[in-house]
Amino acid sequence: MSISLNDKYVSQFIPTNSYASIQDEVVEADRILRTGSGEGNAFLGWLNLPDNYDKEEFARIKECAKKIQSSAQVLIVIGIGGSYLGTRAVIEYLRSPLYNSLTKNTPEIYFAGHCISSNALNEALSLCEGKDVCINVISKSGTTTEPAVAFRVFRAYMEQRYGKEGAKERIFVTTDREKGTLKGFADQEGYQTFVVPDNVGGRFSVLTAVGLLPIAVAGIDIDAMMQGARDASHRYTDPDLAKNDCYRYAALRNILYRDGKAIEILASYEPFCAMLHEWWKQLYGESEGKDQKGIFPASVVFSTDLHSMGQYIQDGERILFETVLDIADTKSRFEIPNDPENIDGLNFLSGRELDEVKKLALQGTVLAHVDGGVPNIILEISERSEYVLGELLYFFELACAISGYLLKVNPFNQPGVESYKKNMFALLGKPGYEDLRKNLEERLKN
Ligand code: PA5
């Protein structure tokens, strides 16, 4: 098994019959998910995606990635939320958070349109200077303000630099098959397009063209990722909690939540996991945080954060549980050198692997946090690889859907995200929002 759930450090916090008491609910959550009879059933395309993905488009993605690799030193990926986080998470996890400084044979990849910052936009533009550039703009709706503004800027930049015809060869659009401003615009300008399937929501879309094109540009083996996801999709089908680690994760989260553990901290011991945490936070936060319910997803990278958040986790309010990613083989080794003079007193570590030190730090921290009253779910991951990451992405998506149905929310909508947009549009004076604008301006004055 490449991923296995160890619940040894949770059992003392939950009644012995916990799994039995929630088993029927899990069977029901599985039934409504797989029969498509639950809320949000128009967005279940991700469930069988690892088998049912568009093979013709997949081949086109690989071709296009090669074209970008051979014609650009910089790829700017424009998108936000589900059209951004998964891509960045995979590149940083499998290549490095320092990918752009370390890459030799594949283009540097920078992200734009994921914030409203003139600093960020100016910096992204300046990173293109003196280098050949391609753009991949990603927006399922094709109307999201942040990426739309960034695309307007980068399109003008590309046309000025390469001419209209030249820019056309360097701009790639990932959006809805038929609808949306971006699709209409791409067709009109003749840009090559890729599809975000109708039935796959943004935060579940990393294994579609949304993630796969830029991930392939980074030189990552997307066949292996899909194979991992496919194997995971076949493995986690039995709703029996004794046989399904993915469902057990979903069940444990709900068991702990019902006992007052309202915050889940995803903890890893590698900086390359930091963006994976961000992807996971969006997946769970946007899927479950609704109807005044939901576990708040937080994250830490240890041991760095043991020197900042460690105090709270050990000793603060007891409303937390942790899910720890324990990656056995990270594909890198470092032996701690000997110092004959032992000035720093560290010779007891001489000749030992840094990974061994990390493992012992993990074990010591788990025990300390458990002693402090924090349940720890351990996800043991065999190695850092394309295949296993594909499995892990699917594992989290499936667990999220089951967990959302256990929580009795619709895991596939995000009505709350609209509230800020409405207010922002009103304050910006977008036509159609006049009454709301008056109301908000009044409130801001008082
Ligand atoms: O998960 C989601 O649905 C959201 O985070 C969207 O991905 C995000 O709002 C961006 O939307 P779009 O791809 O339509 O620009």
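Indexing begins at 1, ligand by ligand and atom by atom, following the structure's order.
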Taking only residues two or more places apart in sequence, or in another chain, which ones meet Ser403 in a side chain to side chain donor-acceptor pair (under 3.5 Å)? Arg253, Asn254, Glu288

Any residue meeting salt bridge (charged side-chain N to carboxylate O under 4.0 Å, His left out) with Glu57, in chain and number order, not counting sequence neighbours: Arg60

Restricting to side chain to side chain donor-acceptor pair (under 3.5 Å), what partner residues turn up for Arg31, sequence neighbours left out? Glu28

Using 30° and 60° as the class limits, which term best fits the ring planes of Phe151 and Phe185: parallel, tilted or perpendicular? perpendicular

Looking only at the side chains, is there a donor atom on one of Thr103 and Thr106 sitting less than 3.5 Å from an acceptor on the other? yes

Tabulated below should be the N or O atoms of ligand 1 paired with protein N or O atoms at under 3.5 Å; can you produce that?
residue, atom, partner, partner atom, Å
ligand 1, 1 (O), Arg203, N, 2.9
ligand 1, 1 (O), Gln282, NE2, 3.1
ligand 1, 1 (O), Glu286, OE1, 2.9
ligand 1, 5 (O), Gly82, N, 3.2
ligand 1, 5 (O), Gln282, NE2, 2.5
ligand 1, 5 (O), Glu286, OE1, 3.4
ligand 1, 7 (O), Gly82, N, 2.9
ligand 1, 13 (O), Ser83, OG, 2.7
ligand 1, 13 (O), Lys140, N, 2.8
ligand 1, 14 (O), Lys140, N, 3.4
ligand 1, 14 (O), Ser141, N, 2.8
ligand 1, 14 (O), Ser141, OG, 2.7
ligand 1, 14 (O), Thr144, OG1, 3.4
ligand 1, 15 (O), Ser139, OG, 2.6
ligand 1, 15 (O), Thr144, OG1, 2.5

Does the side chain of Tyr19 pick up a donor-acceptor pair with the side chain of Asp7 at under 3.5 Å? yes

